[in-house]
Amino acid sequence: MRERYIEQVFEYGGVMSVPGATILHADLDAFYASVEQLLDPALRGRPVAVGGGPNGGVVLAASYEAKAYGVQGGMPGWRAARLCPELVFVRGHFREYQRLGDAVMDVLADVTPEVERISIDEAFLDVSGATHLFGPPAAIGARIREQVRAEVGLPISVGAARTKHLAKIASQVAKPDGLVVVAPGHERVFLDPLPVGLIWGVGPVNEQRLADLGIRTIGELARTPSSAVEHVLGLAVGHKLSAMAHDEDPRRVVTTRHARSVGAQSALSRRAPDRDDVRAVLAHLADRVSRRLRAKGRAGRTVTVAVRLAGMQRSTRSRTLSVPVAATLTLTEVSEQLAWSAIEAAAPCEITLLGISVSQLADQRSVQLELDLEPPDPWRPGSAPGAARSAVDASMDAIRTRFGGDAVGYLPVVLRGDGAVPDEFRELAEHDL
DNA sequence: TCTGGGGTCCTAGGACCC
DNA sequence: TCTGGGGTCCTAGGACCC
């Protein structure tokens, strides 16, 4: 086990007594791959990739043994196989990921209720109210790591600092399987030598733009006038990054957060767009999205459709309706209009993905009669009355609740039985509404 | 050999209103 | 013969994160 304390490196030895670094970021290491190695001991110590394969698909996660060869999440399987010939591809146990991720969050919840889960495998904690029970943040971080290892069987890295931003960077520096505590007063000496790419919000594009200014470390960024950074990255991003580089991060740990959009997308084998095909895919996506909305009593006014063309260019079309929608058929029809608007603008073309997203969300209960309130409109020629649509959705939702998600569906959805990605995987990434 | 699926936030131009 | 300034909403695109 590696425990590293920044204050040990730079100043004191009595780290376990240092208070103040009360924001923790806990992040499971190579989560999916670690679960596979936990479930199958034969995989331990070997390079493992979840998902993908030499003949298609992308790698969803790579074990540290695989990362040593340069294999990364998001990489096409064939490329990963070329980088690492001994790489073992596994299909993935998505239900187990959900179960074990939840189990880890239970461990965190035993420390404090102030937990902000930001994905299946990652959370912030504010432990300022827990130190009287469990000791200083460093001790709490160590305790979390021990308990997750003992009770769940997985390696987890923890960063502790005064702010979320710094705690997150600390956990990245701690990986794999480590703990890094940045004691108050030591932020600058910790941050300055680190690469700007560790800042939340700096990806490949902005990293290159900063490099063009001669900025490679967070220290160099902090010494650059924010006006220069804003000029290159835009006002908002530049301002935020400068603030981060100066260790100014006002964000608090938030335990409840409402989603601002809900979406679903499907990659398709490259194909010329076809009316029936497009409708079938969109019906399936609209069904997924609208069911999630209705399950939470939500609806949304803005419908956005994304189309990806051969060559990876994306095109989007959106329409804001006068009233929020959550009915499957309405969403399907609006999406179809939008999709063809994008496709026709690009024609002739081949498409490789279709996606639907609904935003401007509102509570459905307060905006009932969604469809009857819509004026007669060209978007739904000959459409069924809204009440009928709501009734159909309600009975289908009820049947699915009792008999399972595949028990009933709109015709195109039933006919399309070839989902490339299992629903369990999709559910892992869904945010609470 | 051909690139997943779920999200967040920002920008810029135009429409529209007062 | 020539028309301001500010605010809000909508749309399309893009960067980023897990």
Side-chain angles (χ1 to χ4, degrees), chain A residues 25 27-28 30-32 49-61 72-83 92 94 97 101 117-123 168 171-172 197-209 230 233-241 251 257-270 285 288-289 292 301-322 338 341-342 345-346 350 352-361 419-433:
Chain A
H25 181 254
D27 195 352
L28 288 151
F31 178 48
Y32 299 171
V50 178
N55 300 317
V58 300
V59 172
L60 300 173
Q72 295 174 356
M75 179 178 282
W78 61 267
R79 220 171 104 207
R82 212 174 51 185
L83 284 172
F94 300 109
Y97 305 160
R117 187 178 192 173
I118 56 179
S119 72
I120 182 79
D121 61 353
E122 196 180 341
K168 168 113 178 155
S171 75
Q172 304 313 299
L198 282 179
I199 297 179
W200 202 94
V202 178
V205 174
N206 288 337
E207 190 168 13
Q208 183 56 54
R209 287 173 184 161
E230 287 164 11
L233 302 183
L235 214 58
V237 172
H239 182 80
K240 198 170 85 181
L241 258 51
R251 294 174 301 164
R257 191 186 292 278
H258 272 277
R260 301 177 64 85
S261 67
V262 189
Q265 61 181 48
S266 275
L268 312 171
S269 54
R270 185 172 160 167
L285 297 172
R288 287 191 55 82
V289 170
R292 286 182 62 202
R301 283 180 59 218
T302 301
V303 180
T304 304
V305 167
V307 176
R308 192 179 69 195
L309 308 170
M312 295 298 276
Q313 310 107 299
R314 292 174 77 100
S315 178
T316 64
R317 289 293 183 278
S318 67
R319 179 173 174 86
T320 300
L321 307 168
S322 59
L338 293 169
S341 164
E350 290 176 309
T352 64
L353 174 145
L354 286 170
I356 296 176
S357 174
V358 176
S359 53
Q360 299 255 63
L361 303 182
V421 173
D423 281 353
E424 305 84 67
F425 173 68
R426 296 171 173 272
E427 287 162 14
L428 289 182
E430 289 177 356
H431 295 197
D432 278 345
L433 295 185

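Just so we're on the same page: letters track the sequence lines, and every chain starts at 1. Computed over heavy atoms, backbone and side chain alike; hydrogens, waters and symmetry mates excluded.
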Classify the nucleic acid contact of [X] as base, sugar-phosphate or nothing, counting any heavy atom under 4.0 Å across all strands shown.
| X | value |
| --- | --- |
| A:V202 | sugar-phosphate |
| A:R292 | sugar-phosphate |
| A:V58 | base |
| A:L28 | nothing |
| A:I120 | nothing |
| A:P204 | sugar-phosphate |

For the residue pair A:Y32 and A:Y97, categorise the inter-ring angle as parallel (less than 30°), tilted (30 to 60°) or perpendicular (more than 60°). parallel
When you measure from the side chain of [X], which nucleotide among [options] comes out closest?
| X | options | answer |
| --- | --- | --- |
| A:R317 | B:dC2, C:dG13, B:dG5 | C:dG13 |
| A:S318 | C:dA12, B:dC10, B:dG4 | C:dA12 |
| A:L353 | B:dG5, B:dC2, C:dC18 | B:dG5 |
| A:Q360 | B:dT3, C:dC10, B:dC10 | C:dC10 |
| A:A429 | B:dG7, B:dG6, B:dT11 | B:dG6 |
| A:V262 | C:dA15, B:dG4, B:dG7 | B:dG7 |
| A:E122 | B:dG6, C:dC18, B:dT3 | C:dC18 |
| A:W78 | B:dT3, B:dT11, B:dC2 | B:dC2 |
| A:A264 | C:dA12, B:dT3, B:dG6 | B:dG6 |
| A:L60 | B:dG4, B:dC10, C:dC17 | B:dG4 |

Heavy-atom nearest nucleotide on DNA chain B for A:L285 versus A:K240: which residue maps closer to 5'?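 The 5'-side residue here is A:L285.
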Earlier contact from the 5' end, DNA chain B, for A:H258 and A:T352: A:T352
What distance separates A:M75 CE from A:L60 CG, expressed to the nearest 0.5 Å?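 The CE atom of A:M75 sits 13.0 Å away from the CG atom of A:L60.
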[X] side chain near [N] phosphate (N/O to OP1/OP2, under 4.0 Å):
| X | N | answer |
| --- | --- | --- |
| A:T320 | C:dT11 | yes |
| A:R426 | B:dG6 | yes |
| A:S261 | B:dT8 | yes |
| A:R260 | B:dG7 | no |
| A:N206 | C:dC16 | yes |
| A:R308 | C:dG13 | no |
| A:T316 | C:dG13 | yes |
| A:R301 | C:dC10 | yes |

Enclosure of A:R79 CZ (heavy-atom neighbours >12, cutoff 6.0 Å):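 It does not: A:R79 CZ has 12 such atoms or fewer within range.
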Take atom CZ of A:R260 as the centre, draw a 6.0 Å sphere, and report whether it contains more than 12 heavy atoms from other residues, nucleotides or ligands.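 Incorrect, the count does not exceed 12.
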Could you tell me how far apart [X] ([atom1]) and [N] ([atom2]) are, to the nearest whole angstrom?
| X | N | atom1 | atom2 | result |
| --- | --- | --- | --- | --- |
| A:M312 | B:dG4 | CE | P | 6 Å |
| A:Q172 | C:dC16 | CD | C1' | 14 Å |
| A:R117 | B:dG7 | CZ | P | 15 Å |
| A:Q313 | C:dA15 | CD | P | 14 Å |
| A:Q72 | B:dT3 | CD | P | 18 Å |
| A:R251 | C:dC17 | CZ | P | 12 Å |

The side chain to side chain contact (heavy atoms under 4.5 Å, CB included) partners of A:R292 (sequence neighbours excluded) come to A:V262, A:E430, A:L433
When both hydrogen-bonding distances must be under 3.5 Å and the geometry is Watson-Crick or G-U wobble, what is C:dC18 paired with, if anything? B:dG5
Trace of the side chain to side chain contact (heavy atoms under 4.5 Å, CB included) decision for A:L83 with A:Q72: CA-CA 10 Å; A:L83 284 172; A:Q72 295 174 356; over 6 Å; no
Taking atom types as modelled, find out whether A:T320 and A:R301 have a side-chain donor-acceptor pair closer than 3.5 angstrom.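 No, no side-chain donor-acceptor contact under 3.5 Å.
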Could you measure between the two P atoms, the one in C:dC18 and the one in B:dT3, and give it in whole Å?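 One P to the other, the span is 24 Å.
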